[in-house]
Amino acid sequence: MPVHALSEDLKSLIDKLIQLKQIPVTERVMQLSVGTVAMPLISWLASQVQFPRIYWHGRDRIEEVAAIGSCKDIKFETAISDQQLATTYQEQRALSTNQNIRYYGGVAFDRTIESWPEFGNSRFILPRIEFRRSGNQFSLLVNLNFADNDHHSEIDNAIAAIEAVMPAKPLSPPKKIALLARTDTPDFTRWKTLVEQVIDPKFNQDTPKVVLSRLTQLAVNEPVDPWMVLACWQGRNPNSFQFGFQFSPKRTFISCSPERLFRRRQQELFTEALAGTTIRGLSQEEDIALANALLEDNKNSVENQLVRSHIVNMLTPLSRYVGADELATIFKLNHIQHLHRAIHAELKTGVNDFELLQALHPTPAVGGLPRHTAMSFIRQQEGYMRGWYAGACGYFNQYESEFSVAIRSALIEPGRINLFAGAGIIAGSDPQAEWQELENKLATIMSILFEL
């Protein structure tokens with residue numbers, strides 16, 4: 001690895017910071033950057049000792065970010081309104097005109113109840129140091145928060161953070177670990193009861209879809225490197241979003257999610273309906289046959305169409321134009337394939353990211369329809385706290401913002417791996433088939449972790 005070249009680029013950033021001490025500050029949040037050498041960003045991130053550690057890799061594979069430290073931490077522990085979050089972010093965004101400044105983070109699936117320790121109902125970080133790749137171009141960035149800190153001390157803190165950057169080491173090699181115990185919440189008996197409640201005609205008439213999920217807790221007695229796991233997962237499903245948030249050494253949330261919540265480029269918005277699932281085939285012929293059967297399956301088609309209609313309805317008041325694919329296509333992953341419809345909108349002037357977040361999250365693909373009654377059922381009956389699973393993770397930026405729905409995810413803690421999977425329950429759903437869908441969705445991550 002080109003360690004010497006990287007250290008020279010870090011020194012160049014320090015020189016820029018020293019020069020900045022001599023001149024008046026023009027903006028209250030600033031960013032300095034230098035071009036740098038190519039580097040495996042997950043390896044670099046895993047080698048660092050500063051927290052938080054954040055990783056983001058776009059589904060289009062053009063962009064990748066590894067970030068460490070924090071010069072601004074926006075965290076809400078308890079129930080907040082999206083309006084409060086919007087106000088806080090808009091105040092922060094007004095501190096700079098630089099369109100490259102990003103706040104990375106996420107919001108929980110259910111922002112009205114308690115969430116995981118350290119993560120909060122929402123948490124967004126302006127990192128101290130970022131290592132970004134765009135295509136084949138790499139850059140190092142340092143962010144400065146003069147709004148909350150003295151000019152000279154903030155620069156000194158940034159210099160200290162750069163001096164604490166560690167050289168990249170190779171990731172620990174993949175290895176299978178021993179599974180000591182497994183607990184599912186809800187278990188199958190409870191799952192069957194919940195599915196039967198949702199498909200009961202009296203309930204289903206008013207709430208046609210509820211996405212039920214399951215927490216699978218796996219007890220282990222050896223440390224698990226979350227970044228090695230994420231790198232392996234990335235290799236299995238390269239056409240997904242890959243991201244991770246590690247606010248302390250205690251727990252790390254990683255995800256290899258196929259689903260985009262939204263991408264905004266100025267007033268252009270891109271989103272999608274991703275719902276309806278089947279497995280992959282063992283041969284090309286079987287794979288095509290399974291895909292065609294999924295396209296023709298009434299239950300899955302209805303589920304996807306419900307999601308599409310809901311998203312279009314929610315975007316219409318915010319947009320000059322909304323267009324959505326009439327026909328579903330197949331989105332393929334390593335072990336499963338989904339029905340997919342692309343949706344594109346031109347937003348009205350003044351619509352901000354938090355209005356989009358409020359309109360789109362949680363989508364019917366992870367919550368249900370109508371949103372309020374489906375969420376209420378999940379909150380009362382599912383039996384565990386989803387936290388950031390099925391939440392929205394990504395970044396806000398003046399020019400463009402992007403969020404993924406945090407499905408296909410894991411929360412890694414000392415001695416325990418928490419895995420999550422969900423299935424859309426509508427009229428005609430079969431408890432056993434939906435339970436098997438959960439297993440199919442965990443197949444990739446389970447094969448990375450354990451001998452099966």
For this session: Check whether any side-chain N or O of Asn418 sits under 3.5 Å from a backbone N or O of Gln217 as a donor-acceptor pair, and report yes or no.
Result: no
Exercise. Which heavy atom of Ala406 sits nearest a heavy atom of Tyr389, and at what distance?
Worked result: O-CD1, 3.4 Å
Exercise. Considering only heavy atoms from C-beta outward, does the side chain of Pro208 approach that of Pro370 to under 4.5 Å?
Worked result: yes
Exercise. Quick check: are there more than 12 heavy atoms from other residues, nucleotides or ligands sitting under 6.0 Å from NZ of Lys348?
Worked result: yes
For this session: Please tell me if the side chains of Glu272 and Ile343 come closer than 4.5 Å, counting only heavy atoms from C-beta onward.
Result: no
Seminar exercise, completed: To the nearest 0.5 Å, atom CG of Leu215 lies from atom CZ of Arg386 at 11.0 Å
For this session: Please test Arg263 against Asp60 for side-chain contact (heavy atoms from CB on, under 4.5 Å), starting from the C-alpha separation and ending with a verdict.
Result: CA-CA 12 Å; Arg263 181 175 189 178; Asp60 58 12; 3.2 Å; yes
Exercise. Are any of the side-chain heavy atoms of Thr88 and Phe124 separated by less than 4.5 Å?
Worked result: no
For this session: For the pair Ser283 (side chain) and Glu286 (backbone), establish whether a donor and an acceptor sit closer than 3.5 Å, ignoring hydrogens and angles.
Result: yes
For this session: Kindly indicate, with the supporting measurements, whether the criterion side-chain contact (heavy atoms from CB on, under 4.5 Å) is fulfilled by Gln48 and Gln246.
Result: CA-CA 12 Å; Gln48 303 312 307; Gln246 188 177 37; over 6 Å; no
Exercise. Quick check: are there more than 12 heavy atoms from other residues, nucleotides or ligands sitting under 6.0 Å from CG of Asn136?
Worked result: no
Exercise. Would you say the side-chain atoms of Ser33 and Ser139 include a donor-acceptor pair closer than 3.5 Å?
Worked result: no
Exercise. Quick check, are the ring centers of Phe396 and Phe403 under 6.0 angstrom apart?
Worked result: yes
For this session: Heavy atoms only: give me the nearest Ser429-Val195 pair and the separation to one decimal.
Result: O-CG1, 4.2 Å
Exercise. Pick one: which of Ile199, Val198, Val302 meets side chain to side chain contact (heavy atoms under 4.5 Å, CB included) with Ile426?
Worked result: Val302
Problem set entry | Sub-4.5 Å side-chain heavy-atom contact between Phe245 and Ile125 | no
For this session: Please check if the side chain of Glu355 supplies one atom and the backbone of Asn352 the other of a donor-acceptor pair under 3.5 Å.
Result: yes
Exercise. Heavy-atom distance under 4.5 Å between the side chains of Gln266 and Tyr399, does that happen here?
Worked result: yes
Seminar exercise, completed: Exactly one candidate in Gln234, His57, Arg260 meets side chain to side chain contact (heavy atoms under 4.5 Å, CB included) with Phe241; the answer is Arg260
For this session: Count the heavy atoms of every other residue, nucleotide or ligand shown that sit under 6.0 Å from CD of Gln284, and state whether that count exceeds 12.
Result: no
Seminar exercise, completed: dist Lys209:NZ -> Leu306:CG (nearest 0.5 Å) comes out at 7.0 Å
Problem set entry | Distance-minimising heavy-atom pair for Arg416 and Val220 | N-CG2, 4.1 Å
For this session: Verify whether one side chain among Ser401 and Arg264 offers a donor that lies under 3.5 Å from an acceptor in the other.
Result: yes
For this session: Please tell me if the side chains of Asp73 and Arg123 come closer than 4.5 Å, counting only heavy atoms from C-beta onward.
Result: yes
Exercise. With no hydrogens and no angle check, do the side chains of Ser213 and Tyr384 hold a donor and an acceptor under 3.5 Å apart?
Worked result: yes
Problem set entry | Short side-chain to backbone donor-acceptor contact, Asn239 and Lys332, under 3.5 Å | yes
Problem set entry | 4.5 Å side-chain heavy-atom contact, Leu315 and Thr271 | yes
For this session: Measure the CZ-CG distance between Arg93 and Asp353 for me, rounded to the nearest 0.5 Å.
Result: 7.0 Å
Exercise. Can you list the steps and then say if Thr444 with Arg408 is a side chain to side chain donor-acceptor pair (under 3.5 Å)?
Worked result: CA-CA 9 Å; Thr444 300; Arg408 311 299 130 75; over 6 Å; no
Problem set entry | Heavy-atom closest contact (Glu303 atom, Gly424 atom, distance) | OE2-CA, 3.5 Å
Exercise. Got a donor-acceptor contact below 3.5 angstrom from the Ser255 side chain to the Ile407 backbone?
Worked result: yes
Exercise. Relative to the ring of Phe354, is the ring of Tyr89 parallel (under 30°), tilted (30 to 60°) or perpendicular (over 60°)?
Worked result: tilted
For this session: State plainly whether the residues Arg265 and Glu268 are in salt-bridge range, i.e. N to O under 4.0 Å.
Result: no
Exercise. Would Glu64 and Gln242 satisfy side-chain contact (heavy atoms from CB on, under 4.5 Å), going step by step from the backbone distance to the final call?
Worked result: CA-CA 9 Å; Glu64 185 180 15; Gln242 300 111 29; over 6 Å; no
For this session: Working to the nearest 0.5 Å, report the span between CD of Gln31 and OG of Ser96.
Result: 8.0 Å
Exercise. Any chance the rings of Phe243 and Tyr104 have centres within less than 6.0 Å?
Worked result: no
Exercise. Rounded to the nearest 0.5 Å, how far does CD of Glu382 lie from CG of Leu194?
Worked result: 8.0 Å
For this session: Go through the side-chain N and O atoms of Gln380 and Ser376 and say whether any donor and acceptor fall under 3.5 Å apart.
Result: yes
Exercise. Are the side chain of Asn300 and the backbone of Leu294 linked by a donor-acceptor contact shorter than 3.5 Å?
Worked result: no
Exercise. Thinking salt bridges, do Glu439 and Arg214 make one under a 4.0 Å N-O criterion?
Worked result: yes
For this session: Return the minimal non-hydrogen interatomic distance between Ala67 and Leu45, and the atom names on each side.
Result: O-CD1, 3.5 Å
Problem set entry | N-O pairing of Asp148 and Lys72 below 4.0 Å | yes
Seminar exercise, completed: Correct closest heavy-atom pair for Ile279 and Leu290 would be O-CD1, 3.6 Å
Problem set entry | Between CD on residue Gln50 and OG on residue Ser70, distance to nearest 0.5 Å | 11.0 Å
Exercise. Just by distance, do the side chain of Trp191 and the backbone of Gln432 share a donor-acceptor pair under 3.5 Å?
Worked result: no
For this session: Inspect the surroundings of CD in Glu114 and state if more than 12 heavy atoms from other residues, nucleotides or ligands are less than 6.0 Å away.
Result: no
Problem set entry | Side-chain donor/acceptor of Asn397 to backbone N/O of Arg102, under 3.5 Å | no
For this session: Using modelled atom types only, decide if a donor and an acceptor are shared between the side chain of Arg341 and the backbone of Val307 within a distance under 3.5 Å.
Result: no
For this session: Apply side-chain contact (heavy atoms from CB on, under 4.5 Å) to the pair Val142 and Glu130, showing each step before the final yes or no.
Result: CA-CA 6 Å; Val142 60; Glu130 295 180 60; over 6 Å; no
Exercise. Does a side-chain N-to-carboxylate-O contact under 4.0 Å join Arg320 and Glu346?
Worked result: yes
Exercise. Taking the side chain as C-beta and beyond, is there a heavy-atom pair between Thr112 and Arg379 under 4.5 Å?
Worked result: yes
Exercise. Parallel under 30°, tilted from 30 to 60°, perpendicular over 60°: which one fits the rings of His361 and Phe109?
Worked result: perpendicular
Exercise. So, does Thr193 use its side chain to make a donor-acceptor pair with the main chain of Thr189 at under 3.5 Å?
Worked result: yes
Problem set entry | Flag if over 12 foreign heavy atoms under 6.0 Å of NZ, Lys192 | no
Problem set entry | Salt-bridge present (Arg132, Glu63; N to O < 4.0 Å) | no
Exercise. Does a side-chain N-to-carboxylate-O contact under 4.0 Å join Glu118 and Lys250?
Worked result: no
